[in-house]
Amino acid sequence: MPELPEVEVVRVGLAEHILDRTITAVEVLHPRAVRRHHAGDGDFSAQLLGTTLADACRRGKYLWLPIADSLGGPPMVSLLAHLGMSGQLLVGTRRVADQVHLRVRLRFADDTDLRFVDQRTFGGLSVEPLTPDSTSGHLSPAVPEPIAHIARDPLDPSFDVDEFATRLRRRRTGIKRALLDQGLVSGIGNIYADEALWRARLHYARPTETLNRPTIARVLDAVAAVMREALAQGGTSFDRLYVNVTGQNGYFDRSLDVYGREDRPCHRCGAPIARQPFMNRSSYFCPRCQPLPRRARY
DNA sequence: CAGCGTACCTGTAAGC
DNA sequence: TGCTTACAGGTACGCT
């Protein structure tokens with residue numbers, strides 16, 4: 001469930017299903033799933049056992065669940081999750097059979113459980129200290145230490161457009177590479193980058209230093225709009241790897257304008273959508289609506 | 001040090 | 001049919 005809308009669908013599901021329940025067992029079935037927890041899987045389990053998860057938070061593609069403080073103060077640590085390319089967080093019960101790629105399970109006192117299922121094991125869980133937020137904005141809730149460098153995402157009310165524009169124009173790269181840089185703006189992945197650039201009519205290799213303020217605002221508006229629309233449809237699911245906490249898939253794949261539509265007609269002008277290799281993957285775009293700039297940065 | 005290429009995994013689908 | 005290759009929603013690390 002990789003990009004922001006899909007992760008937000010999961011966050012909402014976690015908030016509805018697993019908060020304020022005592023964790024009675026922690027099972028790490030694949031050590032790679034907790035490789036970011038440097039103290040090891042024994043410590044990972046020990047830090048969670050007997051606690052409750054107080055909230056479900058997200059920035060970009062990262063999720064975290066603050067652990068209720070035993071003395072009643074504000075949480076000091078949190079369970080941090082990243083879904084990588086194929087991770088799922090599923091709410092189940094004792095009677096649900098183990099998934100093939102089940103990596104970690106937290107059991108709760110009421111017979112429900114939270115399962116981290118991940119085919120490719122690029123995702124993972126860890127327990128991390130919470131630290132005051134260093135990014136811009138008036139509200140400064142705590143964030144897990146390893147994601148302190150992750151920028152705010154376009155759906156964050158404290159996202160600072162001016163700061164983003166300044167930093168973007170200092171870059172010497174193409175617009176798509178910049179949009180995928182989670183330290184500059186978070187939550188955007190390969191699907192929504194291509195969809196937003198199509199909406200903003202910009203080629204993915206357009207040099208960032210050539211973008212003026214109105215154009216940058218247009219790109220950000222396109223990103224936010226496509227993400228809100230995707231969220232309303234439960235996210236994008238090409239296959240059963242991408243589902244919410246109860247195993248339901250999203251429907252935004254039907255609304256995609258360019259991603260995965262090579263050789264099919266552009267929804268605006270009818271020209272065949274092009275696909276080009278990009279960062280070991282693909283970029284999809286309309287060669288007529290999004291012409292190659294005179295100078296290009298890939 | 002910013003920017004870019006590659007490695008990390010497993011599975012599916014297409015090509016021969 | 002079976003083997004090989006290309007590709008997949010992401011990030012981290014090493015090299016230049």
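Here is how names work: the chains are called A, B, and so on, in the same order as the sequence lines, proteins then strands, and each is numbered from 1. Keep in mind that what you see is a predicted model, and the values were worked out from it rather than measured.
In secondary-structure terms, DNA chain B builds stems of at least 3 consecutive Watson-Crick or G-U pairs, each pair having both distances under 3.5 Å, at B:2-8 with C:10-16, B:10-16 with C:2-8.
The nearest pair of heavy atoms linking A:V161 to A:L220 is CG1-CD1, 3.8 Å.
At B:dC1, none of the side-chain N or O atoms of A:R172 fall inside 4.0 Å of OP1 or OP2 (strictly under the cut-off). Phosphate contact (OP1/OP2 of B:dA2, side-chain N/O of A:T173, threshold under 4.0 Å): absent. The phosphate of C:dA12 (OP1 or OP2) has no side-chain N or O of A:R35 nearer than 4.0 angstrom. A:R171 has a side-chain polar atom (N or O) that falls below the 4.0 Å cut-off from OP1 or OP2 of B:dG3. The phosphate of B:dT10 has neither OP1 nor OP2 within less than 4.0 Å of any side-chain N or O from A:S86.
At least one donor-acceptor pair closer than 3.5 Å links the side chain of A:T208 to the backbone N or O of A:R171. With A:E229 contributing its side chain and A:V226 its backbone, the two residues share no donor-acceptor pair below 3.5 Å.
Residue ring and nucleobase are not stacked for A:F122 and C:dT11 under a centre distance beneath 5.5 angstrom and an angle between planes beneath 30°.
Between A:M279 and A:D181, it is A:D181 whose nearest contact on DNA chain B lies nearer the 5' terminus.
The separation between A:M85 atom CE and B:dC8 atom C1' is 11 Å, rounded to whole Å. The interatomic distance linking A:L256 (CG) with C:dA8 (C1') rounds to 14 Å, in whole Å.
Geometrically, A:R177 engages A:F278 in a cation-pi contact defined by less than 6.0 Å to the ring centre and at most 45° from the axis. Under a cutoff of 6.0 Å and an axis angle of 45°, A:R59 and A:W64 do not form a cation-pi pair.
Of the candidates B:dC8, C:dT11, B:dT10, C:dT11 carries the atom nearest the A:Q182 side chain, counting heavy atoms from C-beta on.
No more than 12 heavy atoms of other residues, nucleotides or ligands shown are found within 6.0 angstrom of CZ on A:R294.
Note on A:Y298: nothing from the nucleic acid sits closer than 4.0 angstrom, heavy atoms only.
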query: If the sugar-phosphate is the primed atoms plus P, OP1 and OP2 and the base is the rest, what is the B/S/- string for nucleotides 11-16 of chain B, using protein heavy atoms under 4.0 Å?
result: S-----

